[in-house]
Amino acid sequence: MTRRNPFGTISFSENEILQGNLYVSRQIPLGNGNKVQELRHEIPDLTIEEGSLLKSFWLPPKHQVQTWFMLAQTPFFESEETEDEWVQFAAENRQQQLNWLTPAGPLVKVEQTDDLRTELAYDLNENRTADTVSAEWNEKSPSLFFESMMLNADINSGK
């Protein structure tokens, strides 16, 4: 079965999984000398086959791929209704939540400049590590997922 992100949780045994998209990028220098990640492909699809979760991609030379994965023994969301609402929100508001999570912090869209390479450029942004969207959702429907996203944002803002 092939699925497309955002799709919600995948349950198995007594555990739940959330799997992020694959972000294929390469590092490029901008005209001002800053180095940023140029997003080349965002791969939302995954396949669940015979108990395995599969993601496939081709990685060109000098490119890298990043993704994130969450595993829990308790449900990520308070209810199936909340999960469905979040999936719908995430699909319709892709720029509002932090999607491209990395160990250094979330990569966010760089403001477009005269340098045409900024059209698909992403970088760390200290002003955008706070996950206000997850905080708002957690206020109305506390859950492991939103708490985890807020904790990740707190950790990254302290770097």
Quick check: do Phe12 and Leu71 have side-chain heavy atoms less than 4.5 Å from each other? yes
Could you walk me through whether Val65 and Tyr23 pass side-chain contact (heavy atoms from CB on, under 4.5 Å), step by step? CA-CA 5 Å; Val65 65; Tyr23 298 91; 6.0 Å; no
Check the angle between the aromatic planes of Trp137 and Trp86 and answer parallel, tilted or perpendicular using the 30° and 60° thresholds. perpendicular
More than 12 heavy atoms of other residues, nucleotides or ligands under 6.0 Å from CD of Gln64: yes or no? yes
Approximate separation, where rounding is to 0.5 Å, of Leu18 CG and Glu83 CD: 7.0 Å
Report the distance from atom CD1 of Ile28 to atom CZ of Arg40, rounding to the nearest 0.5 Å. 9.0 Å
Heavy atoms, side chains only, cut-off 4.5 Å: are Asn138 and Phe145 in contact? no
Distance-minimising heavy-atom pair for Lys55 and Ile43: NZ-O, 3.3 Å
Going by atom types only, do Gln19 and Thr67 share a side-chain donor-acceptor pair under 3.5 Å? yes
Working to the nearest 0.5 angstrom, can you tell me the gap between Ser25 OG and Glu38 CD? 8.5 Å
Measuring only between side-chain heavy atoms, which start at C-beta, is Gln37 closer than 4.5 Å to Arg26? no
Nearest non-hydrogen partners of Leu144 and Pro75, listed with the distance: CB-O, 3.8 Å
Phe57 side, atom CZ; His63 side, atom NE2 - distance, nearest 0.5 Å: 12.5 Å
Leu22 and Glu42, any side-chain heavy atoms less than 4.5 Å apart: no
Quick one: do Phe69 and Ile48 end up in the same hydrophobic cluster if we chain Ile, Leu, Val, Met, Phe, Trp and Tyr together by side-chain heavy atoms under 4.5 Å apart? yes
How long is the span from the CD atom in Glu85 to the CD atom in Glu78, to the nearest 0.5 Å? 10.0 Å
Are Val133 and Met150 co-members of a hydrophobic cluster defined by side-chain heavy atoms under 4.5 Å apart? no
In terms of ring plane angle, is the pair Phe146 and Phe77 parallel, tilted or perpendicular, where the classes change at 30° and 60°? perpendicular
Does a side-chain heavy-atom distance below 4.5 Å link Val24 with Pro60? yes
Separation between CG (Leu46) and OG (Ser52), nearest 0.5 Å, reads 12.0 Å
